[in-house]
Amino acid sequence: MTNPQRFEAQRVAGIAQSDIRLMSRRCMEVGAVNLGQGICDQPTPDLVKEAAKAAIDADQSIYSKYEGIDPLRAAIARKMKSYNGIECDPDTDVMVSAGSTGAFVAAVLSFIEAGDEVILFSPFYGYHLNVLKLARPTIKHVTLRGDNWEFDPDELAAAFTSKTKAIIVNTPANPCGKVFTREELATIAGLCQEHDVLAITDEIYEYILYDDHEHVSLATLPGMADRTITISGFSKTYNMTGWRLGYSVAAQPLTARMGVVADLVYICPPTPLQHGVVAAFDLPASYYEQMSADYAAKRAMTMEACDAVGLRSLAPHGSYYLMVDVRDAGFTTDREAADVLLNHCGVAAVPGSSFYVDPKDGATQLRLCFAKQDHDLERACAGIRSLPDVMASR
Ligand code: GLN
């Protein structure tokens with residue numbers, strides 16, 4: 001008998017299904033409310049759905065250019081200018097991708113290889129780490145700490161070497177909700193220029209901001225336009241995580257490379273859905289204001305429920321995740337807390353250790369996603385509030 005495992009390529013050794021997906025599967029098995037995976041299961045705007053249906057009816061069913069349909073790239077370029085302050089040419093600098101992950105994979109496969117070093121902040125989004133691993137660079141971790149999840153500028157400077165090829169910047173950040181300030185980005189920009197390093201940003205939560213936090217795109221800082229790949233997407237802003245539509249914006253030579261790679265991996269993003277999402281750019285400013293207000297209310301509801309049972313948290317500045325510490329709720333490990341919440345409170349969450357290279361760093365944390373419809377979030381909060389009774393009866 002042959003052992004099928006012996007066929008496994010080295011590049012995937014040690015890469016397993018993410019805890020994010022694992023918790024979704026377990027959640028479905030027990031019928032809990034999923035505050036684990038950042039699914040964002042609220043309705044997609046009607047005009048986007050109608051436009052996609054019309055595109056299907058009109059037989060917009062064939063491949064698009066690998067970089068995406070022209071009207072969508074034109075709309076993205078306009079948005080990049082008006083929202084992000086990035087000037088780009090829709091014909092050469094914009095690539096529509098299969099989710100923002102599609103653009104991230106294309107960037108990593110195009111520019112990173114064994115022998116390179118890449119800087120990644122912790123806690124990280126595990127997909128950033130694991131996609132990087134496919135390209136086999138050495139990964140240098142810089143930890144975000146304290147009430148504002150800050151990095152130590154000296155630690156960051158020390159992480160840059162002559163081998164550094166790229167730095168990954170996720171703002172607003174998954175899982176900790178950090179929004180990088182202009183000053184922090186200036187520090188990163190200075191180091192990128194000093195060491196001639198590429199910046200790959202993930203700005204998928206760019207519209208989900210709280211209080212007075214401002215989203216700043218690294219590419220707008222002096223000297224960064226030609227060395228930054230700005231990645232974002234439609235999933236989170238328009239509640240369409242399953243449509244798998246994202247995009248990247250970067251200087252023409254970088255975009256051209258990435259386009260060829262994306263073409264090899266999946267040819268093009270789904271054409272009728274690209275036609276549908278063009279309509280999203282017609283949504284009024286009030287759509288985004290309402291979204292922010294709704295998420296602020298969901299953040300408050302979730303934090304209050306957690307606080308009431310000793311799941312201590314720092315208010316995220318952006319994104320829709322809450323990192324809670326489980327110790328005051330009577331737990332010693334994240335996995336124990338995740339199991340009890342899932343099996344006894346009916347709430348799925350992601351163990352914090354999955355967001356750090358050394359699992360010990362997140363071993364008393366859990367990530368909760370509050371991008372849920374209010375009735376589901378209310379049910380989840382009631383489950384969380386039942387935790388003391390569950391603990392008392394254990
Ligand atoms: N970005 C979302 C999260 O962090 C979804 C990721 C995923 O399904 N892989 O939960």
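Nothing here was measured: the structure is a model prediction, and the numbers come from that model. Indexing begins at 1, ligand by ligand and atom by atom, following the structure's order.
Counting atoms of ligand 1 from 1 in the listed order, those under 4.0 Å from a heavy atom of Tyr127 are 7 (C), 9 (N). The ligand atoms of ligand 1 that sit less than 4.0 angstrom from a heavy atom of Tyr205 are 1 (N). Numbered from 1 in the order shown, with element, the atoms of ligand 1 that lie under 4.0 Å from a heavy atom of Asn174 read 1 (N), 3 (C), 4 (O).
Contact annotation for Phe355 and ligand 1: no heavy atom of the residue comes within less than 4.0 Å of the ligand. Residue-level proximity to ligand 1 for Met23 is absent, since no heavy atom of it falls below 4.0 angstrom. Neither the backbone nor the side chain of Ile39 comes within contact range of ligand 1; no heavy atom lies under 4.0 Å. Heavy atoms of Lys236 found under 4.0 angstrom from ligand 1 belong exclusively to the side chain.
Among protein heavy atoms, atom 7 (C) of ligand 1 sits closest to Gln37 NE2, 3.6 Å. The nearest protein atom to atom 6 (C) of ligand 1, hydrogens excluded, is given as Tyr125 OH, 3.1 Å; this is a heavy-atom distance. Closest protein heavy atom to atom 3 (C) of ligand 1: Tyr321 OH, 3.2 Å.
A salt bridge is defined here as a Lys NZ or Arg NE, NH1 or NH2 lying under 4.0 Å from an Asp or Glu carboxylate O, and Asp41 with Lys372 meets this definition.
Considering both main-chain and side-chain atoms, Gly36 never comes within under 3.5 Å of ligand 1 through any nitrogen or oxygen pair. Checked against a 3.5 angstrom limit, the closest N/O atoms of Arg21 and ligand 1 fall outside it.
Checked against the 6.0 Å centroid criterion, the rings of Phe355 and Phe124 do not qualify as a close aromatic pair.
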Using the rule given for salt bridge (charged side-chain N to carboxylate O under 4.0 Å, His left out), can you reason through Glu203 versus Lys236, listing the C-alpha separation, both sets of side-chain angles and the distance that settles it, and then say yes or no? CA-CA 10 Å; Glu203 306 183 19; Lys236 317 287 180 173; over 6 Å; no
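Inspection of the Thr187 and Glu183 side chains reveals no N or O donor paired with an N or O acceptor under 3.5 Å.
Between Tyr321 and Tyr205, the ring planes are perpendicular. Angles over 60° get that label, and only those under 30° would be called parallel. Ring-plane geometry between Tyr125 and Tyr127 is classed as parallel, the angle between the planes falling under 30 degrees on a 0 to 90 degree scale with a further cut at 60.
Between Tyr320 and the options Tyr207, Tyr295, Tyr210, a ring pair (Phe, Tyr, Trp, His ring centres under 6.0 Å) holds for only Tyr295.
At least one donor-acceptor pair closer than 3.5 Å links the side chain of Asn170 to the backbone N or O of Asp202.
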